[in-house]
Q: 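Sharing a structure below in structure tokens format, with a few things to ask.
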2 protein chains.
Amino acid sequence: MNSRSFFTRPLYLQLRDALASRVASGQWKPGLAIPNESDLAREFGVSAGTTRKALDLMEAERLVTRRQGRGTFVNDQTANDLAFRFCNIRTLDGRRVPGQFMEVRIAEAQANEAECGRLSLGENDRVHRIHRLRMDGVRPLIVEEVSLPAALFPNLSDKITHIVALAHQHGIILGRAEERIWTGVAAPTVAKRLSIPSNSPILRLDRVTHALDGRRVEWRIGHCYLGDEYMYLTEIK
Amino acid sequence: MNSRSFFTRPLYLQLRDALASRVASGQWKPGLAIPNESDLAREFGVSAGTTRKALDLMEAERLVTRRQGRGTFVNDQTANDLAFRFCNIRTLDGRRVPGQFMEVRIAEAQANEAECGRLSLGENDRVHRIHRLRMDGVRPLIVEEVSLPAALFPNLSDKITHIVALAHQHGIILGRAEERIWTGVAAPTVAKRLSIPSNSPILRLDRVTHALDGRRVEWRIGHCYLGDEYMYLTEIK
DNA sequence: AAGTGGTCTAGACCACGCA
DNA sequence: GCGTGGTCTAGACCACTTG
């Protein structure tokens, strides 16, 4: 009956993309319910089972939350839970650190070799570079150097620099990140900004964040002094 | 038609448990194919769709690998890929470190307060304590202190101490782990065993491994010197 | 050609949340 | 009582692998 041509992707993936773009574009607002399964199935001309498979996938990708008896709701990507999910620094009791930014500087430049490698850019591509200090209240937490592909973030405001807010603004849905960790000691300039003695032991964090579609969206180097108030917490599956 | 009583779990979960126990018990051997969907459906008196849902779940839990046109195969939990999936230390090019153990010491004792907390044990429960040195060839990598609930691992051999092999031997299927990381400097005793100068910057790794059913199976403290040959790599989803 | 898992459909009933 | 998502069924066809 169904005349899927030779190289089409499965219907449920196409449907996922269609629904995801409604979320990314803001057509469906965070916090609000989307149409129920059977209405969506009717609208797109697929079966309820296919719709369900697409929605279950979107829930796994943290785009929506489904609740039996209530409905399917668009997640607010800028809510604290989701916004800081790529930052594994926690207080000792396991709570995430919301974090504010200080001493923000932004520049645009041609991508250097390291940036081309980490962000899969070409020699002639440009990047936004952001230097900033991440605070937990009055406690300096991480000295960060961020690189963003300029092509993905046109008209970068100098007010908002947090990757989750930026991605949301530009219709990009974040997927996963990988972080490499080394130990090190604080160089004088870093130590000064973190308000710690030079040569204190610190973590060097090297993180690349990917969009749901695989595009590389952010490269961040972080210098972090944990002290005995914070830890780095990661789950291994 | 179906007379599920009030508090039964969904069929596909019951089926998953039944199939998982065949894997855990060794009734189905690693590397070999298991019966196809329709045969399993017939055997357990459920529909093919329910069987599929159970098998898809088991694939997500790394119990089996499914391949279109070939069949469904039992994973070898002791193969390097799976065996070292809870150790995030990698060489700089991203390869996992298989790792052998040296200087192994085992003792049994009553669980102390920390062990009770981390492993959810009662005051009177007992633990196996293992001290050992994890090597990468001739390079000392991690000084490890491991605690295992004695109740889960009766007749612990002093030959095999690796959690994946142990779990496999005792019919336990591992699920996830969470690791807490701090920076530190090497105390003299640790430095000596790692062949590094005292006060070298090291990672302190505190990991709890859970079985698929949620039971806490291992608590490990690791002292690791990364140097410039290794990194800690983690994926954030 | 035969057998496997992957996709898709259509419809039933159940558990949950709310008014 | 009604509407939602969650489970379960039965069956069709497709894509891939192997003989």
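We name chains A, B, ... by the order of the sequence lines, and we start the count at 1 in each one.
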Q: Could you list the protein-to-nucleotides 16-19 of chain D atom pairs, N/O on both sides, closer than 3.5 Å?
A:
unit_1 : atom_1 : unit_2  : atom_2 : d
D:dC16 : O4'    : B:Gln68 : OE1    : 2.8
D:dT18 : OP1    : B:Arg70 : NE     : 3.3

Q: Is there a side-chain contact between A:Asn36 and the phosphate of D:dT4, meaning an N or O under 4.0 Å from OP1 or OP2?
A: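 True: A:Asn36 side-chain N/O within range (under 4.0 Å) of D:dT4 OP1/OP2.
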Q: Tell me: CD of A:Gln14 to P of C:dC8, nearest whole Å?
A: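 To the nearest whole Å, that distance equals 8 Å.
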Q: Check this one for me: any side-chain N or O of A:Thr72 less than 4.0 Å away from OP1 or OP2 of D:dT4?
A: no
Q: With no hydrogens and no angle check, do the side chains of A:Arg118 and A:Ser147 hold a donor and an acceptor under 3.5 Å apart?
A: no
Q: Measure from the side-chain heavy atoms of A:Ser47 and tell me the nearest of C:dT7, C:dA10, D:dG6.
A: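 Nearest to the side-chain atoms of A:Ser47, counting from C-beta on, is C:dA10.
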Q: Check the pair B:Glu218 / B:Val208 against side chain to side chain contact (heavy atoms under 4.5 Å, CB included), numbers first and verdict last.
A: CA-CA 6 Å; B:Glu218 180 198 47; B:Val208 175; over 6 Å; no
Q: More 5' along DNA chain D: B:Thr51 or A:Asp39, using each one's nearest nucleotide?
A: A:Asp39
Q: Could you tell me if B:Asp206 and B:Trp182 have a donor-acceptor pair between their side chains, going purely by distance under 3.5 Å?
A: no
Q: From the list C:dG6, C:dT9, D:dC8, which nucleotide is the closest neighbour of the side chain of B:Arg66?
A: C:dG6
Q: Without decimals, in angstroms, what is the distance between B:Glu37 CD and C:dC8 C1'?
A: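 Checked: the CD to C1' distance equals 14 Å.
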Q: I want to check one thing: is the phosphate of C:dT7, taken as OP1 and OP2, less than 4.0 Å away from some side-chain N or O of A:Tyr12?
A: yes
Q: Let me know the distance between CZ of A:Arg9 and P of C:dC8, rounded to the nearest Å.
A: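 So the two atoms are 11 Å apart, to the nearest Å.
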Q: Whole angstrom is fine here: how far is it from CG in A:Leu40 over to P in C:dC8?
A: 16 Å
Q: Assess the side chains of B:Tyr230 and B:Asp136: does a donor N or O sit below 3.5 Å from an acceptor N or O?
A: yes
Q: Is there a side-chain contact between B:Glu113 and B:Glu123 (heavy atoms, below 4.5 Å)?
A: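 Of all side-chain heavy-atom pairs linking B:Glu123 with B:Glu113, none is under 4.5 Å.
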Q: Can you confirm whether A:Ile172 sits close enough to A:Asp213 that some side-chain heavy atom of one is under 4.5 Å from a side-chain heavy atom of the other?
A: no
Q: Ignoring the backbone of B:Asp56, work out which of C:dG6, C:dG5, C:dC8 is nearest its side chain.
A: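 Within the option list, the nearest is C:dG6.
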Q: From the set D:dA10, C:dG6, D:dG6, return the single nucleotide nearest to any side-chain atom of A:Arg52.
A: D:dG6
Q: Whole-Å distance between D:dG11 C1' and B:Arg42 CZ?
A: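 These atoms are roughly 14 Å apart.
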Q: What integer distance in Å separates A:Leu57:CG from C:dC8:P?
A: 12 Å
Q: Does B:Lys53 make a side-chain N or O approach to OP1 or OP2 of D:dC8 shorter than 4.0 Å?
A: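 For D:dC8, OP1/OP2 do not have a side-chain N/O of B:Lys53 under 4.0 Å.
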Q: Rounding to a whole Å, what distance do you find between B:Leu15:CG and D:dT9:C1'?
A: 14 Å
Q: Would you please name every residue forming a salt bridge (charged side-chain N to carboxylate O under 4.0 Å, His left out) with A:Glu37, sequence neighbours left out?
A: A:Arg52, A:Arg66
Q: Please state how far atom CD in A:Glu59 lies from atom C1' in D:dG5, giving the value in whole angstrom units.
A: 10 Å
Q: Is the shortest side-chain N/O distance from B:Thr50 to OP1 or OP2 of D:dT9 below 4.0 Å?
A: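 Yes.
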Q: State which residues pass ring-ring contact (aromatic ring centres under 6.0 Å, His included) with B:Phe84; sequence neighbours excluded, sorted by chain then number.
A: B:His162
